[in-house]
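These notes are about the structure you will find just below.
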Amino acid sequence: MSEYILDCKSVCKSFGGVHALQNVDLRVKRGEVHCLAGENGCGKSTIIKAISGFQPQDSGTIEFDGTVYEALSPSVSIDQGIQVIYQDMSVFPNLTVQENLAINTVISNKKKIYNHKQQREIAKKVMATLDLDLDLDDLVETLPVASKQLIAIARALYAKAKFLILDEPTTALTRKEVDRLFEIIRDLKAKGLSILFVSHKLDEMYEISDSITIMRSGQTVYTGPMATLSEEDFTHYMTGRDFSDVDNKHAEDRIQYDATPAIELNNLSGPGFAGVSFKVQPGEIVGITGQLGSGRSELCNTLFGIEKATGGTITCAGKQVTISSVKDATKNGIALVPEDRLTEGLFLPVSIMENITVVNFDKFTKGVTLDSPKQIAESSQWVQEIHVKTDNHLLPVQTLSGGNQQKVVLAKWLSTNPKILILNGPTVGVDIGAKYDIYALLRELAKKGLAVLVASDDLTEVSRLCDRTIVMRGGVMTGEIDCKNLTVENLTKAIM
C-alpha cells in the first residue's frame, strides 16, 4: 500500500485558453494534515474541483487510495471517501440541525417519505462522531459559524470520509473556535484520517500542518515539511517577491509626537463597549485587537457615526466633536474601511471608477450635468496611486481580486482627504502579496501625517503593522501594548 492516499501527477486544466493548472503535482500522506497554499487565482480551487470530480482535469492522473483515475466524478469521489467542506460550509440554513445532519443518509437511501423518528436517530449518531451537543430542532441559520462548520464536518465523517478537504475553515471563527477546530483535526488525524487544509493564515498553517504544497500561477512551486519552511521562503514561494523589510516600521520617522493628537477618546461608551480612552498622533498606526465580541468593531462603527455614542467625548485635532452620523464623521476628517467590503464597502456590479468616486459624487456634477472626464481622471489617478491591478477601471469592481477590491475601498475613502483612517479587518480574505502592499501603503500614508487605526484579530498583522495596540475584551479596554512588547505571544496572552 502506498504511503500516499492522494497522488496527483502532472494535472492540467484550461478554461478558454487560460491555463488554470499546469502539470500540478500534489501528494498527501495517509494520516497527515497537508496544507495547500497560494494567492487567489493560483489554482487551489481548480485542483480541489478536480479531486472532488466537480471539474475533471484535462490531462494528468489522480491516484486516490491506490486507484488511478484519468478523471473523477462527484459521485465517485464521494463514494471513495473524499469530502469537501467549503468556506460557506455547504449547509442548508433554512433546515433544522436534524435535517442537515440526516440529509445525506436520506438521499443515499433514496427515501421518498421522510421518517422524522428514524432521521432523528441518524442525526444523533452523526453528532456522536464529533461529540456535538446541539439542539436538533434549531434552524441552522440561527447558529454561529463554528457550529455550522462542525455540522458539515460531522456529516462528512458519518459518510465514512477518508480524505477531508477544509477550504479556508477559520475565516470567520474566534480564537477559541479555531482551537476547538484544531483539536478536532488533531483527533481525526490520530484516527488515520487525511486532511487537506487550505488557508492563507501563516500562523495557523504552522500550528496545524505537517507538510505543505504552495502553488503560484497554476503551478506547484514548493512541496515539503511545514516545520522547515521559513516565513521568508514561504512568502517568496507564494508571491515570487521579496518582503525582507516588512517588519521595518520606521515609527520614529513618522509619528508626530509634539503635534496635537489627531483623535482622542475620553471614557467613550457606545453600543457594545464602554469607558474607552486613548489618543492617536498624526503619523501613528494604532491597533485595536480582541476576539469577536470584544467591542472593537462596535467602537469603529461609533467613531464613524454608524452607531451613536452613549457617553464620553471624542476630540479631533484639539476640538471636541459630536459624531451622530457618517456625514459628521467625514466632516471631521474620519474615514472607515469596513469589515465586510463585499456588503458594506463596494457596489459589486458597478465599475471600479464609480466605486472610487461615489463618496465625492457632488465634486463631479454641475446641477444635473455629470462631468465624466473629471470623474474618469480622478479614478485613474487613484488606480495608479495605490496600484490597483486592472487594465480598465470602467470594468465592474467584482472582476478584481480580493486584495484589489480592498484597495478600491481604500481609494474611495482616501479621496475624501481624511485625517484619521480607520480600518476594520483590513486584510481579511486578501492574498499575502496584496496584504504586504496594503501594509506598505498604510505606512506611506502615515508618513504623510495620516493617523491610522487598525481593528483586527489577526495577531501577526497587528504585531507587524502597528506601533502600539489597544486590547479589548468584553466591551472594555483592558490594556495597551507598546511597540517594544508588541509580539504575537504577548497579544495572545492579553486577549484571552
Margin query: Whether the E461 and S456 side chains hold a donor-acceptor pair (N or O, under 3.5 Å, no angle test) is what I'd like checked.
Written below: yes
Check: Considering residues, nucleotides and ligands other than F347, do more than 12 of their heavy atoms fall under 6.0 Å from its CZ?
Finding: no
Checklist line | K44 side chain vs D167 backbone, donor-acceptor pair below 3.5 Å | finding: no
Check: Would you say the side-chain atoms of E284 and Y257 include a donor-acceptor pair closer than 3.5 Å?
Finding: no
Next item on the list: Would you confirm whether S277, through its side chain, and N267, through its main-chain N or O, come within 3.5 Å as a donor-acceptor pair?
Entry: yes
Item checked: Pairwise side-chain contact, S209 with V33, heavy-atom cut-off 4.5 Å (strictly under) -> yes
Margin query: Donor-acceptor check, side chain of N100 to backbone of V140, threshold 3.5 angstrom: yes or no?
Written below: no
Item checked: Side-chain heavy-atom pair I334, F304 within 4.5 angstrom cut-off -> yes
Checklist line | Q149 side-chain N/O to P169 backbone N/O, donor-acceptor pair under 3.5 Å | finding: yes
Notebook entry, point to check: Can you find a pair of side-chain heavy atoms, one from I470 and one from L453, that are under 4.5 Å apart?
Noted result: no
Check: Is there any side chain to side chain donor-acceptor pair (under 3.5 Å) pair reaching into residues 131-140, and which pairs are they, with sequence neighbours excluded?
Finding: R120-D137
Note to self: Strictly distance-based, threshold 3.5 Å: is any side-chain N or O of S379 a donor or acceptor partner for the main-chain N or O of Q375?
What the structure shows: no
